[in-house]
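Note that these values count all heavy atoms, side chains included, but never hydrogens, waters or copies made by symmetry. Atoms within a ligand are numbered from 1 in the order they appear, just like the ligands themselves. Just so it is clear, the model here is predicted, and its values are computed rather than measured.
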Amino acid sequence: MEKKFRVLLFYKYQTIDDVESFVAEHLAFCKSIGLKGRVLVGTEGINGTVSGTIDQTNQYKDFVHSLAGFEDLWFKEDEADTYAHKKMFVRPREEIVALNLDDDINPLELTGKYLNPTEFRDAITSDDTIVLDTRNDYEYDLGHFKGAIRPDIRNFRELPQWVRDNKEQFMDKKVVVYCTGGVRCEKFSGWMIREGFSDVAQLHGGIDTYGKDPDVRGDLWEGKMYVFDERIAVDINHVNPTIVGKDWYDGTPCERYVNCANPECNEQILASPENEAKYVRGCSAECRRHPRNRYVAENNLSTQEWESRLNAIGESLSVSDIA
Ligand SMILES: [Zn+2]
C-alpha cells in the first residue's frame, strides 16, 4: 500500500543574491503548509531535507520550482509512514555543505564528471579505479560501497587534509567519489581536480538515487545508508542486502545507533538493546561512570544497580582516573 508521507532530499548550486529574504520567505511558506525538515541557504544555493504528507510535499515542490533559478531542482523522494523531522528550520549558511576551504570551489564552474548509476557500477568494479567515500566515518560504518576507501574523518571539512595526507593512494588512478545525495561530491570533486587529480568522477544524485535506480537497485552496496533525520538508517541494496554495522561492545552485526549516555561525549555508536543496558550506554569506562550518565537517569537506576552493572563488566563507579 502506498504510504501517506514523503521525505524529500535535494540541493541546487544556484546563486542567491539576497539570502536573508530568501530564508524568511522560505521558512514562512514551509510553516504555512505544516512541512518539517531542515533547509540550508547560502549565496551558493540551497541544500535540504524535508518531510510531510503527500499533499504538503507536493505543495513544497511546486513552491521551490516557482523560484527563479530553481525551476529544474531535482527532488529525490522516499515514502514514509510519518514525518522524518521534528521541526522546521530554514537557516542561512556561508556554505550549504561546510568544506571550509580557504579558496572556495564553485561546482557550477568546476566539478567532476557525472556518472549515472549504471556507469558508476561499471566504474567501481574496474581495477584501475579508486572509490572514495566522501562521508564521515560513522556514516561509512553503517554502510558503504563494496571496496570503497573509508576516510578517517569525523567531519566533511577534514576531508581535503585527509586526501592530501593519503595522496599516494590516488594520484595516478581514476577516482570516483560518492555521498548521500550528491551535494558534497559536487564541491569535493571540483576541489580534487584543482588539487591536480586528473580523472575524477562523481555519482550523480548520490547513493539515494543509486538505490532507487531500476537497473542497479543498489547492487554492490553493503549495509544501510545513514541519513540525517529521524530514520537514521535506510535500505539501499534491493538485490542482496547485507549488514556491515558492528555492535560497539561485542562486534556482532548491528544497525541500531544510539548516542553515548555521557552528555559531554555523545559519541554515536551502534548497540543492541541488551548491550545498551549492560554497558549503561557508555562508549568508555569513563562515560559509563560519568555522574550525569543519561541512561542511568532515563531508567531511574539506583546507585546500587548502576554499580552492580559496572561490576558485571569488571568496572566500578569508584574508579579514580588518577589510580
Ligand atoms: Zn562516550
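- Remark: the E119 side chain and the Y114 side chain contain no N/O donor-acceptor pair separated by less than 3.5 Å.
- From S316, atom OG reaches atom CG of L310 across 7.0 Å, with rounding to the nearest 0.5 Å.
- Between H26 and F22, the ring planes are parallel. Angles under 30° get that label, and only those over 60° would be called perpendicular.
- The Zn ion (ligand 1) has C260 SG, C265 SG, C283 SG, C287 SG as its protein N, O or S neighbours under 2.8 Å.
- Aromatic ring orientation, F145 versus Y210: perpendicular (interplanar angle above 60°, classes split at 30° and 60°).
- Taking the six-membered ring for Trp and thresholds of 30 and 60 degrees, F170 and F197 have ring planes more than 60 degrees apart, a perpendicular arrangement.
- With ring centers used as reference points, H204 lies under 6.0 Å from W74.
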